[in-house]
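Remarks on the structure that follows.
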Amino acid sequence: MRAAWYERNGEARDVLTLGDMPLPEPGPGEVRVRLATSGVNPSDVKSRRGRPPVFPRIMPHSDGAGVIEAVGAGVPANRVGERVWIWNGQWKRAMGTAAEAVAIASDQAVRLPDGTDFAAGACFGIPALTAVHGVTLAEAGPGKTILITGAAAAVGHYATQIAVSRGARVIGTASARRADHARAAGAAEIIDYKSENVAERVKALTGGRGVDAILDMDLSTTAPLLPQGVLAQYGKLVCYGSNVPADIPVSFTAMLWGSLTLQFYLVYELRADERKTAIAELTAMLEAGKLRHTIGARYPLDDIVAAHEAVERGDVVGNVVLEMK
């Protein structure tokens, strides 16, 4: 099969290699998926650039979608032919979805509703599941106002749709260039974080009260907002990332006097019950046609270097997807 891999860290054009690899055989409890698409996420780029490989050779990417073509022992034969999407394809494994096929645990290949295409399916394992679980932790619902940072980014765009579907009012941060994309997801208000004072705008939009929760993609820029009253009393900051990979100071005074909650989560390490709940909700929304997907760029597998570089530049509105042709 055709595949891409790297054996050391570095820039995409220096370390990514394209070639042929043996077609993987599914072991007990596994399925082999003939992949149609592979999702390229920021975490894939960060791993390739800076996290020392723990395997001699890594075939990157955790997300993808395709059709089950073979099953291992213990897996029902009627799964062959099933359309699926993949989660944690390369998490703690050497072989991810940057290939024409992948062998993976049966439960990590989730049924893809017939009305959802493979390109969208390559966006679920990280962006959509991060969004679903984050919105749950933020307790979005009727009467709640949620600040979603990066509301036009891959996770934020899904999170905005999901929070609004649950009845919450969403205030999103986005650059002027991406503001319409966030509004299309349902954000009631957009704050241009590049030109506006986020804390002041949040207070103005909430009558000085602050928001009930923040779903945050970058703690390094959001933590300094806490002493400025961006969260209401008893509010909750739910965080899944930071642009600064180091310790970040958080105001004890703001947390204490506001009785605030700080909640972190990592989508790769959701508990089994949490993932089951998130997948069930995502599947229900897909079957009902209630989620919009934005594929910002498509590349063939042979152009994986260009795909990684597009993610690094950060100028694509929507998800970057590889297509196996």
Side-chain angles (χ1 to χ4, degrees), residues 41-42 120 123 126-128 130-232 235-244 260 285 290-297 310-311 313-320:
N41 290 291
C123 306
I126 294 175
T130 299
V132 172
H133 190 61
V135 169
T136 296
L137 292 175
E139 301 174 7
K144 295 291 186 70
T145 298
I146 311 296
L147 175 65
I148 296 181
T149 66
V155 174
H157 194 254
Y158 278 127
T160 298
Q161 295 179 69
I162 296 164
V164 170
S165 75
R166 294 188 185 185
R169 175 195 181 202
V170 171
I171 299 173
T173 67
S175 65
R177 186 173 74 89
R178 297 172 180 251
D180 287 345
H181 187 57
R183 288 192 185 94
E189 305 284 350
I190 301 297
I191 301 172
D192 184 350
Y193 67 94
K194 292 187 175 182
S195 64
E196 299 181 279
N197 183 301
V198 175
E200 289 182 2
R201 286 280 286 130
V202 167
K203 288 189 285 186
L205 292 169
T206 59
R209 176 178 175 272
V211 295
D212 297 291
I214 302 171
L215 180 55
D216 182 40
M217 67 181 296
D218 181 19
L219 187 65
S220 67
T221 56
T222 303
L225 301 178
L226 297 180
Q228 301 176 57
V230 71
L231 267 178
K236 189 175 188 180
L237 171 58
V238 179
C239 180
Y240 60 89
S242 177
N243 289 333
V244 176
L260 306 180
M285 293 189 76
K290 291 184 177 180
L291 271 186
R292 295 176 57 187
H293 318 288
T294 302
I295 309 303
V311 172
R313 287 194 304 273
D315 56 3
V316 175
V317 178
N319 297 83
V320 175

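In what follows, every heavy atom counts, from backbone to side chain, and hydrogens, waters and symmetry copies are set aside.
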How many angstroms lie between CG in Leu225 and CD in Glu200, if you round to the nearest 0.5 Å?
11.0 Å
Rounded to the nearest 0.5 Å, what separation is found between the CZ atom of Arg183 and the CD atom of Glu189?
8.5 Å
Contacts satisfying ring pair (Phe, Tyr, Trp, His ring centres under 6.0 Å) that involve residues 166-207 (not counting sequence neighbours) are His157-His181
Does a side-chain heavy-atom distance below 4.5 Å link [X] with [Y]?
| X | Y | value |
| --- | --- | --- |
| Ser165 | Leu291 | no |
| Val198 | Gln228 | no |
| Leu231 | Val211 | yes |
| Met285 | Ile162 | yes |
| Cys239 | Thr222 | no |
| Leu237 | Leu260 | no |
| Gln161 | Lys290 | no |

Among Val202, Asn197, Thr149, find the one that has a side chain to side chain contact (heavy atoms under 4.5 Å, CB included) with Ile191.
Val202
Option from Leu219, Ile126, Thr130 for which side chain to side chain contact (heavy atoms under 4.5 Å, CB included) with Tyr240 holds:
Thr130
Donor-acceptor contact present, side-chain [X] to main-chain [Y], <3.5 Å:
| X | Y | result |
| --- | --- | --- |
| Arg177 | Asp315 | yes |
| Thr173 | Gly150 | yes |
| Ser242 | Val244 | yes |

Considering all heavy atoms of both residues, which atom of [X] and which atom of [Y] are nearest to each other, and what is their separation?
| X | Y | result |
| --- | --- | --- |
| Gly314 | Arg178 | O-NH2, 2.6 Å |
| Ala131 | Val155 | CB-O, 3.6 Å |
| Ile148 | Ala163 | CD1-CB, 4.4 Å |
| Ala182 | Ile190 | CB-CD1, 3.4 Å |
| Asn319 | Ala154 | ND2-CB, 3.5 Å |

Identify each donor-acceptor pair in which a side-chain atom of residues 135-147 lies under 3.5 Å from a protein atom, sequence neighbours left out, and give them as a table.
| unit_1 | atom_1 | unit_2 | atom_2 | d |
| --- | --- | --- | --- | --- |
| Thr136 | OG1 | Val132 | O | 3.1 |
| Thr136 | OG1 | Arg166 | NH1 | 3.3 |
| Thr136 | OG1 | Arg166 | NH2 | 3.0 |
| Lys144 | NZ | Glu139 | O | 3.4 |

